[in-house]
Amino acid sequence: MQERYDPQAIESKWQRYWEREGLFRVKEEPDREKYYLLEMFPYPSGKIHMGHVRNYTIGDVVARYKRMRGYNVLHPMGWDAFGMPAENAAIANRTHPARWTYDNIAAMREQLKRMGFSYDWDRELATCRPEYYRWEQWLFLKMVEKDMAYRKESYVNWCEDCQTVLANEQVEAGLCWRCGRPVRQKKLWQWFFRITDDAEDLLQWCDRLPGWPEKVTTMQKNWIGKSLGARIHFPIEGSDETIPVFTTRPDTVFGATFMCLAPEHPLVAALSSGTAQQEPVAAFVERILQQERTSQAVESYEKEGVFTGAYCINPMNGLRMPVYTANFALMEYGTGAVMSVPAHDQRDLDFARKYGLDIVVVVRPEDGDLDPATMEEAYVEPGVMTRSGAFDGMDSRRAKEEIPKALAEKGLGEATVNYRLRDWGISRQRYWGAPIPMVHCSRCGVVPVRESDLPVILPEDVDMLEGGRTPLPTLDEFVRTACPRCGTDDARRETDTMDTFVESSWYFERYCSPRWNEGIFDTEAVDYWMPVDQYIGGVEHAILHLLYSRYFTRVLKDFGLVSYKEPFTRLLTQGMVCKETLKCPEHGFLLPEEAEIRDGRAHCLRCDRPAEVGRVEKMSKSKKNVIDPNILLERYGADTTRLFCLFAAPPERDLEWSEQGVEGGARFLNRVWRLFLQHRDRVSSVPAFDGSPDDLTGDVRDLYKKTHQTIRKVTRDIEERFHFNTAIAAVMELVNMLYATEVDLQDELPCRVARHALETVILLLSPVVPHFAEELWAELGNPESLLLAAWPHYREDALEQDEILVVVQVNGKLRSRMTLPADASEDAIREKALSDENVRRFIEGKDLRRVIVVKNKLVNIVV
RNA sequence: GCCUGGGUGGCGGAAUAGGUAGACGCAAGGGACUUAAAAUCCCUUGGGGCUGAGUCCCCGUACGAGUUCGAUUCUCGUCCCAGGCACCA
């Protein structure tokens, strides 16, 4: 056995061994219980970062643990390989997105292998490969067929310079994140998925996901944003048309004195055209659509609007209401029109005051009325109906239900439900994405590509254009095609590609049969493996990715391809990896290696000035508070890196990086190594003791019991809550005890108990530090890989202590401790407590009121 | 503004069917080994008090009340921090 623990040698040796033996390759075995463990697959940015290391370490521990518990564990890895960074990098480095992506994948795969993760690499997939996106295109066609995918014209964030749509998160302070030019709203034809059809079901099932953090389901519920109310139609004066409105306050309809339309609302132009208001309205709309839409910007906007020149009629009281267009009315919520009730909505009140519009109080407090002229705040509480015709005197909460009924009788409204969730727009004017398999024909319109012509392959021999514009529309050989329906050859292909969230919405199914080419997946394999038993990833995907995946699963179920509705039974969202920032007054943020710690202060290596230590923040390139996993691998090896990630904090919490903490992890492994060095010669020639503790005495008996207690503690910590930090702490305690226990190595029985304890340490640590554990396992003389070993069992009869510490309180204050045999009776405990010397000082001369005895725990004497 | 979490030593964090607050680790201090250093091992370490330095006393889990024999844990109120949503009709 090597004197020193040498991680580099050990780790590459065992990684080669695992690969050679194919120990992580799995297939369906119907008579074995499966466990599907999935971590969110990475975007191949080029290098793994600490967030990946943490995420995948957590997952790997669970996978290895479950394997030891006898499950058939599916643990795959792949690449979320389409997306904008590839295009940007390709332009910056004069290479091609495909080239850049595949190179990155190769580099990152190597890094993941060096971490020792137990993936079935035979199942690796990359979403940018035609074999993958072909089935996405196939599903898209199915969805078009069933009207689950459709095309409509809508407003999007548009950057003129980059010639593309930007997602909301790509708009920073109203400017394009890439070129810094202002973003504006542009009307575009886009493809959408009808996720709103499933809004109610997605919402309902939020409460049926007991394995998900409540935080995530709450966020999803808020995102779906269900609200109950009514749809009310306001007839337009001098027209047969009506303006439909959604409101949560149908009880206040009698107080609606004007109407506000979103600037993009189609009626805005229609109503104002030909009136004196046409010009000002057009100018207003133009200006508002150019405005930034970020939350900060929006907050600073004053409520403003312009009269359209038209009126509509309040369907309950027949009053004329001027129709405005206003900046606060949102086209994307409800119907894009707001019935404004200034007496009972603060925003409407502000607007009414500003433009001198009528204010009518229709709900009053029980004990009085309100004066519209002087009221300072809108009255939003429930109350008594007033100035509401037949509803006067009614409780407003009841009127909320009665008024929609009355409206329904007139055919001018009904109770309804509204969702904030919008249909999922999937068109991207990007190159590096899956082509949308549709064709535009001048005669037949928009026509789907024939299924037999799939995949529509993204051409890879293209030159990227400066500015990031997609080259696809300029590629004649791609764009020009025959119409699949009429055959005319002047049809044009759709040149938009799909949102990359589409690929990540079904990759977990594809992993079940990644090479299947007869369909989207082998349903038998999917039936066996799905749903994912445990999904692990960052909370940043709490809404979009997870909601889209849940939606897609419902789509697959509609097509009869899968039998379940929810793809992820349990979800763990791990916290961020954080570190303090270092800032030099001259050189700005410093990388950890650009500073030197001297006299307890950090100094900039370039100018030698003291660097300011900032607060602990999420590791990010811009703040330079990053640790490169490669450096850790070189300096400490994979096992220490893994150990620290798990020990420093429970997985769901943020992890604060600490160099000394890593050192501590390395020190612990060295300590275990030396322990084996001490015992190996004697212990490797005897079998582990696994009998009853009754055959043991003294320290050895205690050690045996501690070993079993540790097994129970570690098993529970992993099984119930994934609290690896406390599990590792428990093993540390056992190791400390092994050091403290004098084992007579000449005597066989103590040797066998020591071997049992040492083996247990290795088995319990093996999911965390697999290479280290394999090496020591072999040193103990075990011929087979640790991967084939079972998780240790604990004996019930070895759990209880022989002696129990019982504490004695007087009036709830701790006064004494005493050690008693575990089987002491309640009376004996009481007796001993009352006669305790220190206790007597506190009860002497006082009335004994009560004595509470909690067996094996404490005595509380009340005087 | 609304919705979630969360406030425990110098630090990361333990302990909640209410029952010894501070496991384990880091840092710090002291000691052993060494010519020396590193490594290692051992001890101390929440704050304060003391006529009897003890199997001693008081205080202490953001703050203030309450329930209880007993509250870090349960209830109510307040403050602070983090995350999410937000002109949502």
Side-chain angles (χ1 to χ4, degrees), chain A residues 4 213-223 225 227 229 245-249 252 256 259-260 262 293 295 298-303 326-330 332-341 344-348 350-351 418-420 539-540 542-543 573 575-576 600 616 643-644 647-650 652-665 667-668 670-671 674 713 723 725-733 735-736 739-740 805-818 836-839 841 849-854 856-863:
Chain A
R4 272 189 52 248
E214 211 181 294
K215 173 167 103 162
V216 175
T217 46
T218 314
M219 279 164 73
Q220 293 213 349
K221 284 189 215 168
N222 291 340
W223 186 262
S227 47
V245 152
F246 171 76
T247 179
T248 55
R249 293 296 303 278
T252 64
M259 173 73 70
C260 288
R293 288 275 187 123
S295 53
V298 161
E299 243 166 71
S300 67
Y301 297 149
E302 209 177 315
K303 316 277 170 274
N327 60 346
F328 62 81
L330 304 172
E332 4 12 304
Y333 188 78
T335 61
V338 185
M339 77 171 202
S340 294
V341 186
H344 305 294
D345 180 286
Q346 192 57 46
R347 195 185 42 200
D348 294 346
D350 296 344
F351 195 85
N418 188 64
Y419 300 92
R420 203 184 73 101
V539 73
E540 62 272 21
I543 298 173
T573 49
M576 301 179 297
V616 175
L643 180 71
F644 175 75
F647 183 62
E652 66 280 3
R653 260 210 252 184
D654 287 351
L655 183 152
E656 189 186 328
W657 191 260
S658 147
E659 186 73 24
Q660 283 121 351
V662 186
E663 293 277 0
R667 203 175 302 153
F668 171 66
N670 276 298
R671 199 167 143 79
R674 286 192 307 273
K713 165 86 175 140
H723 277 204
N725 56 332
T726 51
I728 293 166
V731 179
M732 285 173 169
E733 282 189 55
V735 169
N736 289 346
Y739 265 98
L805 182 71
V806 175
V807 298
V808 187
Q809 300 176 332
V810 177
N811 286 351
K813 293 204 174 193
L814 179 70
R815 295 304 178 195
S816 178
R817 299 152 212 264
M818 48 196 203
D836 185 279
E837 196 186 320
N838 204 41
V839 171
R841 288 176 32 214
R849 288 243 185 110
R850 251 170 105 180
V851 179
I852 292 148
V853 179
V854 182
N856 294 346
K857 273 240 166 91
L858 67 77
V859 180
N860 190 11
I861 300 163
V862 189
V863 292

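FYI, side chains are in, hydrogens and waters are out, and symmetry mates aren't considered; it's all heavy atoms of this structure. Lettering follows sequence order; numbering is per chain, from 1.
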Trainee: Taking A:G575's backbone N and O only, do any of them form a donor-acceptor pair with A:D654's side chain (distance below 3.5 Å, no angle check)?
Mentor: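 No, the answer is negative, given that no donor and acceptor are paired below the 3.5 Å cut-off.
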
Trainee: Quickly work out the A:R420 CZ to B:rA89 P distance and round it to whole Å.
Mentor: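 Checked: the CZ to P distance equals 11 Å.
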
Trainee: Do A:N860 and B:rC69 share a donor-acceptor pair, side chain to base, under 3.5 Å?
Mentor: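 Such a pair is found, so the answer is yes.
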
Trainee: State which of B:rU40, B:rC24, B:rC87 makes the closest approach to the side chain of A:M732.
Mentor: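 From the listed options, B:rC24 comes nearest.
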
Trainee: Within a strict 4.5 Å, meaning less than it, do heavy atoms of the A:N736 and A:R671 side chains meet?
Mentor: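 Of all side-chain heavy-atom pairs linking A:R671 with A:N736, at least one is under 4.5 Å.
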
Trainee: Between B:rG10 and B:rG29, how far apart are the two C1' atoms, rounded to whole Å?
Mentor: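 Per the computed distance, 13 Å lies between those C1' atoms.
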
Trainee: How would you label the contact of A:D654 with the nucleic acid (heavy atoms, under 4.0 Å): base, sugar-phosphate, or nothing?
Mentor: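 Contact class for A:D654: sugar-phosphate only.
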
Trainee: Looking only at side-chain atoms of A:R667, point me to the closest of B:rA89, B:rC69, B:rU40.
Mentor: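 My answer, after comparing the listed nucleotides, is B:rU40.
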
Trainee: Reckon A:T218 touches a base, only the sugar-phosphate, or nothing at all at heavy-atom distances under 4.0 Å?
Mentor: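 Touches sugar-phosphate only.
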
Trainee: Please state the C1' separation for the pair B:rC11 and B:rA27 - nearest whole angstrom.
Mentor: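 Looking at atom C1' only, B:rC11 and B:rA27 are 7 Å apart.
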
Trainee: Partners of A:E652 by salt bridge (Lys or Arg N to Asp or Glu O under 4.0 Å), sequence neighbours excluded?
Mentor: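 By the salt bridge (Lys or Arg N to Asp or Glu O under 4.0 Å) rule, A:E652 matches no residue at all.
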
Trainee: Write down the distance between CE (A:M576) and C1' (B:rG84), rounded to a whole number of angstrom.
Mentor: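 Nearest whole value for this atom pair: 12 Å.
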
Trainee: Categorize A:A542 for me: base, sugar-phosphate, or nothing, with a 4.0 angstrom heavy-atom threshold over every strand shown.
Mentor: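 Here A:A542 touches no strand at all.
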
Trainee: Is there a Watson-Crick or G-U wobble partner for B:rC85 with both distances under 3.5 Å, and if so, which one is it?
Mentor: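 Because both required distances fall under 3.5 Å, B:rC85 counts as paired with B:rG1.
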
Trainee: Considering only B:rA89, B:rG5, B:rC41, which nucleotide approaches the side chain of A:R671 most closely?
Mentor: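 Of B:rA89, B:rG5, B:rC41, B:rC41 is nearest to the side chain of A:R671.
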
Trainee: Of the listed nucleotides (B:rC87, B:rC88, B:rG25), which one gets closest to any side-chain atom of A:N736?
Mentor: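 Closest of the options to the side chain of A:N736: B:rG25.
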
Trainee: So which nucleotide from B:rA14, B:rA27, B:rG19 ends up closest to the side chain of A:Q660?
Mentor: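 Out of B:rA14, B:rA27, B:rG19, the nucleotide with an atom closest to A:Q660's side chain is B:rA27.
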
Trainee: Rounding to the closest angstrom, what is the interatomic distance between B:rC80 and B:rG64 at atom C1'?
Mentor: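 Looking at atom C1' only, B:rC80 and B:rG64 are 15 Å apart.
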
Trainee: Hey, does A:E656 reach any base, or is it just sugar-phosphate, or nothing, if we go heavy atoms under 4.0 Å?
Mentor: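 A:E656: backbone/sugar contact only, no base atoms under 4.0 Å.
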
Trainee: Syn versus anti for B:rG10, judged by chi lying within 90° of 0?
Mentor: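 Anti conformation for B:rG10.
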
Trainee: Identify, between A:A337 and A:Y739, the residue whose nearest nucleotide on RNA chain B lies closer to the 5' end.
Mentor: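 Its nearest nucleotide being more 5', the pick is A:Y739.
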
Trainee: How is A:I728 classified with respect to the nucleic acid when contacts are heavy atoms under 4.0 Å: base, sugar-phosphate, or nothing?
Mentor: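 A:I728: no heavy atom of the nucleic acid under 4.0 Å.
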
Trainee: Report the nucleotide, chosen from B:rA23, B:rC24, B:rU20, that has the shortest atom-to-atom distance to any side-chain atom of A:T726.
Mentor: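 In terms of side-chain proximity for A:T726, the closest of B:rA23, B:rC24, B:rU20 is B:rA23.
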
Trainee: Of all heavy-atom pairs between A:F668 and A:L643, which one has the smallest distance, and what is that distance?
Mentor: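 Taking A:F668 first and A:L643 second, the nearest heavy atoms are CD2-CD2, 4.0 Å.
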
Trainee: Taking B:rC24 as the reference, what is the distance to B:rC33 when you measure between their C1' atoms (whole Å, please)?
Mentor: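 Comparing C1' positions in B:rC33 and B:rC24 gives a spacing of 27 Å.
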
Trainee: Which base, if any, makes a Watson-Crick or G-U wobble pair with B:rC74, both distances under 3.5 Å?
Mentor: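 Here B:rC74 is engaged in a pair, and the nucleotide opposite it is B:rG66.
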
Trainee: Atom CH2 of A:W657 and atom C1' of B:rC26: how far apart are they, to the nearest Å?
Mentor: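 Rounding to the nearest Å, CH2 of A:W657 and C1' of B:rC26 are 14 Å apart.
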
Trainee: Taking side chain as C-beta onward, heavy atoms only, is A:R841 less than 4.5 Å from A:N838?
Mentor: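 Yes, their side chains come closer than 4.5 Å.
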
Trainee: Answer with base, sugar-phosphate or nothing: what part of the nucleic acid does A:P213 contact at a heavy-atom distance below 4.0 Å?
Mentor: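 No contact at all - A:P213 keeps every heavy atom at 4.0 Å or more from the nucleic acid.
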
Trainee: Considering only side-chain heavy atoms of A:V807, which listed nucleotide, B:rG84, B:rU20, B:rA14, is closest?
Mentor: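 Looking only at heavy atoms from C-beta outward on A:V807, the closest nucleotide is B:rU20.
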
Trainee: Could you tell me how far B:rU20 sits from B:rC74 if I compare only their P atoms? Round to whole Å.
Mentor: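 15 Å, rounded to whole Å.
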
Trainee: Over how many whole Å does the gap from A:R653 atom CZ to B:rG83 atom C1' extend?
Mentor: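 Answer to the nearest Å: 15 Å.
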
Trainee: Can you tell me which nucleotide in B:rA89, B:rG19, B:rA23 comes closest to the side chain of A:L330?
Mentor: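 That would be B:rA89.
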
Trainee: Could you tell me if the side chain of A:V839 sits less than 4.5 Å from the side chain of A:V808, heavy atoms only?
Mentor: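 With C-beta onward as the side chain, the pair touches.
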
Trainee: Can you tell me the Watson-Crick or wobble partner of B:rG46, both distances under 3.5 angstrom?
Mentor: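 B:rC59 - that is the nucleotide pairing with B:rG46, both distances being under 3.5 Å.
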
Trainee: Quick one: which protein N/O atoms are closer than 3.5 Å to N/O atoms of nucleotides 55-60 of chain B? Pair and distance per line, please.
Mentor:
unit_1: B:rC57; atom_1: OP1; unit_2: A:R815; atom_2: NH1; d: 3.3
unit_1: B:rC58; atom_1: OP1; unit_2: A:R815; atom_2: NH2; d: 3.2
unit_1: B:rC58; atom_1: OP2; unit_2: A:R815; atom_2: NH1; d: 3.1
unit_1: B:rC59; atom_1: OP2; unit_2: A:K813; atom_2: NZ; d: 2.9

Trainee: When you measure from the side chain of A:D345 to the backbone N and O of A:S340, does any donor-acceptor pair fall under 3.5 Å?
Mentor: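 It does not hold such a pair.
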
Trainee: Round to the nearest Å and state the distance from A:F647 atom CZ to B:rA23 atom P.
Mentor: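 Value for this atom pair: 12 Å.
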
Trainee: Please measure how far the C1' atom in B:rA37 lies from the corresponding atom in B:rA32, and state the result in whole Å.
Mentor: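 Comparing C1' positions in B:rA37 and B:rA32 gives a spacing of 16 Å.
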
Trainee: Measuring from atom CG of A:N860 to atom CZ of A:R815, what distance do you get when rounded to the nearest 0.5 angstrom?
Mentor: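 Between A:N860 CG and A:R815 CZ, I get 11.0 Å after rounding to 0.5 Å.
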
Trainee: Taking only the side-chain heavy atoms of A:I543 (C-beta and beyond), determine which of B:rA14, B:rC87, B:rG84 contains the nearest atom.
Mentor: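 Taking heavy atoms from C-beta onward, the closest nucleotide is B:rG84.
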
Trainee: Tell me the partner of B:rC41, counting only Watson-Crick (N1-N3 plus N6-O4 or O6-N4) or G-U wobble (N1-O2 and O6-N3) with both under 3.5 Å; none if nothing fits.
Mentor: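 B:rC41 is paired, partner B:rG31.
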
Trainee: How many Å lie between NZ on A:K857 and C1' on B:rA71, as a whole number?
Mentor: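 In whole Å, B:rA71 C1' lies 15 Å from A:K857 NZ.
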
Trainee: Side chain of A:N418, backbone of A:S227: donor and acceptor closer than 3.5 Å?
Mentor: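 A pair under 3.5 Å: no.
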
Trainee: Taking only the side-chain heavy atoms of A:R850 (C-beta and beyond), determine which of B:rC69, B:rA23, B:rC87 contains the nearest atom.
Mentor: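 So the nucleotide nearest the side chain must be B:rC69.
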
Trainee: Expressed as a whole number of angstroms, how long is the span from A:E663:CD to B:rU40:C1'?
Mentor: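 Taking CD of A:E663 and C1' of B:rU40, I get 15 Å after rounding.
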
Trainee: Which heavy atom in A:R249 sits nearest to a heavy atom in A:H344, and how many Å separate them?
Mentor: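 So the minimum-distance heavy-atom pair works out to NH1-O, 4.3 Å.
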
Trainee: What's the gap between B:rC26 and B:rG77 when it is taken at their P atoms, as a whole Å value?
Mentor: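 Between the two P atoms, the distance is 43 Å.
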
Trainee: Under the side chain to side chain contact (heavy atoms under 4.5 Å, CB included) test, which residues partner A:Q346, sequence neighbours left out?
Mentor: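 With sequence neighbours excluded, A:Q346 shows a side chain to side chain contact (heavy atoms under 4.5 Å, CB included) to A:L349, A:D350, A:E377, A:A378, given in chain and number order.
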
Trainee: For A:V338 and for A:R674, find the nucleotide of RNA chain B with the closest heavy atom, then tell me which residue's nucleotide is more 5'.
Mentor: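 Nearest nucleotide further toward 5': that of A:R674.
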
Trainee: Give a yes/no answer on whether the side chain of A:N725 brings an N or O atom under 4.0 Å of OP1 or OP2 in B:rA14.
Mentor: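 Checking A:N725 against B:rA14: at least one side-chain N or O falls below 4.0 Å of OP1 or OP2.
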
Trainee: In whole Å, measure the gap between the P atoms of B:rC2 and B:rU78 for me.
Mentor: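 Nearest-Å result for B:rC2 against B:rU78 at atom P: 11 Å.
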
Trainee: What integer distance in Å separates A:I852:CD1 from B:rG19:P?
Mentor: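 About 14 Å, once rounded to whole Å.
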
